[in-house]
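Have a look at the structure below before the remarks.
A, B, ... follow the sequence lines: proteins, then strands. Residue 1 opens every chain. Please read these numbers as outputs of a predicted model, since none were measured by experiment.
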Amino acid sequence: MEDNLVIVESPAKAKTIEKFLGKQFLVKSCFGHIRDLVKKDLGISVEDGFSPVYEVSPDKKKVVSELKKLSKPVKTVWLASDEDREGEAIAWHLVETLKLDEKKVKRIVFHEITKDAIQRAVKNPRGIDYNLVNAQQARRVLDRLVGFELSPVLWKKIKPALSAGRVQSVAVRLIVDREREISSFKSTSSYRVTAIFSISDNGKETEFKAELSQKFDTKEETIKFLKKCVNAQYFVKDVITKPAKKSPAPPFITSTLQQEASRKLGFSVSQTMSVAQKLYEAGKITYMRTDSVNLSDLAISTIKNEIEEKYGEQYLKIRKYKSKIKGAQEAHEAIRPSYINKHSVDGPNTEKRLYELIWKRTIASQMSDAKLEKTSATIDISTTKEDFIASGEVLKFDGFLKVYFESKDDETENGENGKTMLPILNVNDKLTNIVINGTQRFTHHPPRFTEASLVKKLEEQGIGRPSTYAPIISTVQNRGYVLKDVREGVKRDYCVLTMADKNLSENIKTETTGMEKAKLFPTDIGMVVNDFLVEHFKNIMNYNFTAKVEKQFDEIASGKMKWNKMIEDFYNPFHKKVESTTETATKNKGERLLGVDPKSGKNIYVKIGRYGPLAQIGEMTDEDKPKFAGLRKDQSIETITFEEVLELFKLPRNVGKYEEIDVTIGLGRFGPYIRHKSLFYSLVKDVDDPLTIELDRAIELIEDKREKDRKKVIKIFEEDLELKLLNGRWGPYVSFEKKNYRVPKKIDAATLSYQDCLDLIKNAPPPKTKRRK
DNA sequence: CAGTGAGCGAGCTTCCGCTTGACTT
């Protein structure tokens, strides 16, 4: 029997630590928080100093009873949860829930999982830090109060089942604000002038590119300039050469790993986390939910060996990085390979690639700067005062670039800027001009957020924690506030003026612009909810709200403030505002009056309906019912035009009768359809237009589908016409009472009898538990 | 899984952070 029970948060960590501690220590994991506020109601006694009402989370009942049993006989229970607010609270909840005698409890902390660090921790135990626990309780209670008081206001004023919270609502606001910036953005164009020169060196001609020091607003100005160049002479007026350097990025933390995996590997935020989890569980990397850029001394010394051996001493530069993150709690190390000398891992491709990324970033963080030489040459034009500038960059020493280079979010559209090498240029060198181009360039609206760039923004504001970035991204999408979507680009003409051989020519070229892939768009619901919250709860929707309360949590943690006092000061005015808003605020359906219907003379509105955004003609009165039409997926209440709404009401159309029954054309969730005898037939994409399709073609499509369906049927049975044996996408199946049952592969479906089918249904595997939405 | 859309009132929804599996096609 062991004398000691050690409890950590993660099972993978438990496994590692057990090896370091020896036989007298049993190491177990509690899997994070074991207790939380009761689920069914507020879970806070507001009248009683906001005292929280806790319960053991249902999925932790087993863990708790096991830990309770194991903790009874041991002499000492070591609580080794993380050294941050949440970790301290977990330790305290363990004491309370397991009913541990505080005399036999020792609280220990370590930031890195090495033998040294753990043995040191065991020699320096302490008690529970109740100030830190109270800071966590304040955080928890505040979030519950905000979430559970704001959400019901939305149910009453906008739509049921909506949600609001300190973190998610601000995340949505970032996306809504950005979208509005984009829609009010006016693109302007200017002309960028570039030239190709050549210089002769011992009879050898070398060409290089230069750009005019100024841009022109109009085509006329550009033409005027180009004409001035017809008979110009060019020479090098000035050459400046400057040394420059680039430094490596710090080791990965959760947010930077998510960003780089998104940019370099195209992973979504949640994909990155699940791949990293696998690597962590296999002991290949350190913990992946961290906000610390710190590397353990042991890690640094093995990195040092690795760099010296593989690249040489001149590539080594040991660096200590400091966290720049507001409110970083630094309970762990940075994300790095567990064993630096392991350059790659076996397993799925995703794991290999993510591991490689982590390995490179870790190594590069301890390597020397890259040294560059930047050259800028000014080229005089004899006929006018403007100058051309040719800039070039030469890598003198690659340093960390040998291993790794961090990507940027806003890679410029034409990545040809600067990175080129120039020929050797000297002052007074004469140059020959080959060509000059004046190219029309348009300004771009600010970019929409990707999952990863939203995480970056949230982190900068101190909103959310490493363990919650991925869940936040899914919450705002699951609630229907935000949509990850693709936007096709639009074609745009631009003008290129070319001066070559003393000839000015003009070309119109076409580019595709504004293509967006996997970007975050606010939905209509998202915008209406956001505007409502901003109007009535400015304080909470302020980007600084989290930073402000974090400061107060810190004061609680350092014992300078009482947690229930802090909550009270927040709650009193907040609760009043909730009550007054519930009472007085008008219902907000995002309604917008677009104009008057030319046919009926009634008003046309767009607003949020029970099933999403809709357009409406006329109002509900006793004798009159309005006409409705749903908005399409790519339309929004905010930007849809009057003409586009009229277009929506052209469907459904009646195109005539077939087999004495009306045939109508409509537009549904899955695109345009034909409806006949309450059956649906899809139109063919890019062939049939729902607004113009006629009866003959509709009948053709109906007959096509009927023919296909006939082929689908393997057998029907006279005993029960509702039971059908059909051929489907995944092979033969039995269709009965709107449910489908697979025919096992071994059986030849054509041989089945009615009774066989009934048996198949009876013996079908029980319906698996439903997937959560 | 395509159609709907008022208003009433039943009963329901909802937060953030800490951890993993257990699910589906």
Describe the nucleic acid contact of [X] in one word from base, sugar-phosphate, nothing, applying a heavy-atom distance below 4.0 Å.
X: A/Q616; value: nothing
X: A/Y287; value: sugar-phosphate
X: A/P11; value: sugar-phosphate
X: A/R35; value: nothing
X: A/Y280; value: sugar-phosphate

Any pair counted as salt bridge (charged side-chain N to carboxylate O under 4.0 Å, His left out), so long as it reaches [range], sequence neighbours left out:
range: residues 37-46 of chain A; result: none
range: residues 52-66 of chain A; result: A/K28-A/E66
range: residues 136-163 of chain A; result: A/D36-A/R140, A/E86-A/R139, A/R139-A/D143, A/D143-A/R166

Please determine, for the side chain of A/E281, which listed nucleotide (B/dG21, B/dC15, B/dG3) has the closest atom? B/dG21
Counting only side-chain heavy atoms from C-beta out, which of B/dT14, B/dT20, B/dG3 sits nearest to A/Q168? B/dT14
Tell me: [atom1] of [X] to [atom2] of [N], nearest whole Å?
X: A/Y469; N: B/dT19; atom1: OH; atom2: C1'; answer: 17 Å
X: A/K39; N: B/dC16; atom1: NZ; atom2: C1'; answer: 12 Å
X: A/L648; N: B/dG3; atom1: CG; atom2: P; answer: 14 Å

On DNA chain B, check which nucleotide each of A/S467 and A/G165 is closest to and give me the residue with the more 5' one. A/G165
Would you mind telling me which residue lines up with the more 5' stretch of DNA chain B, A/Y681 or A/R166, judged by nearest nucleotide? A/Y681
Rounded distance in Å between the C1' positions of B/dT13 and B/dG9: 16 Å
Thinking salt bridges, do A/D531 and A/R173 make one under a 4.0 Å N-O criterion? no
Per-pair stack call A/W155 and B/dT14, 5.5 Å, 30°: no
What's the spacing between A/L100 CG and A/L94 CG if we round to 0.5 Å? 7.0 Å
A correct dot-bracket answer for DNA chain B, with pairs being Watson-Crick or G-U at under 3.5 Å, [ ] for crossing pairs and | for inter-strand pairs, is .........................
When you check the phosphate oxygens OP1 and OP2 of B/dC18, does a side-chain N or O of A/R140 lie under 4.0 Å from one of them? no
Distance below 4.0 Å between A/S10 side-chain N/O and B/dT20 OP1 or OP2: yes
Listed once per pair and sorted, the side chain to side chain donor-acceptor pair (under 3.5 Å) pairs that draw on residues 462-474 of chain A, sequence neighbours left out: A/D291-A/R465
For A/D524 against A/I637, the heavy-atom pair lying closest together: OD1-N, 2.8 Å
Looking at A/Y681, I'd like to know if the NZ or CZ of A/R675 sits under 6.0 Å from its six-membered ring centre while staying within 45 degrees of the ring's axis. no
A/R107 NZ/CZ over A/W92 ring centroid, <6.0 Å and within 45° of normal: no
For [X], salt bridge (Lys or Arg N to Asp or Glu O under 4.0 Å) partners two or more places apart:
X: A/R697; answer: A/D688, A/E700
X: A/K548; answer: none
X: A/E83; answer: none
X: A/E351; answer: none

Could you list all N or O pairs between the protein and nucleotides 8-11 of chain B that sit under 3.5 Å apart?
none

Does anything in residues 143-151 of chain A come within less than 4.0 Å of DNA chain B? Heavy atoms only, and list the residues if so. A/D143, A/R144, A/G147, A/F148, A/S151
Does any residue of residues 78-94 of chain A have a heavy atom under 4.0 Å from DNA chain B, and if so, which ones, in number order? A/D82, A/E86
A/S600 side chain to A/D597 side chain, donor-acceptor N/O pair below 3.5 angstrom: yes
State, without any angle test, whether A/S163 and A/R479 hold a side-chain donor-acceptor pair at a distance under 3.5 Å. yes
Would you kindly check whether a donor in the side chain of A/R465 faces an acceptor in the base of B/dC18, or vice versa, at under 3.5 angstrom? no
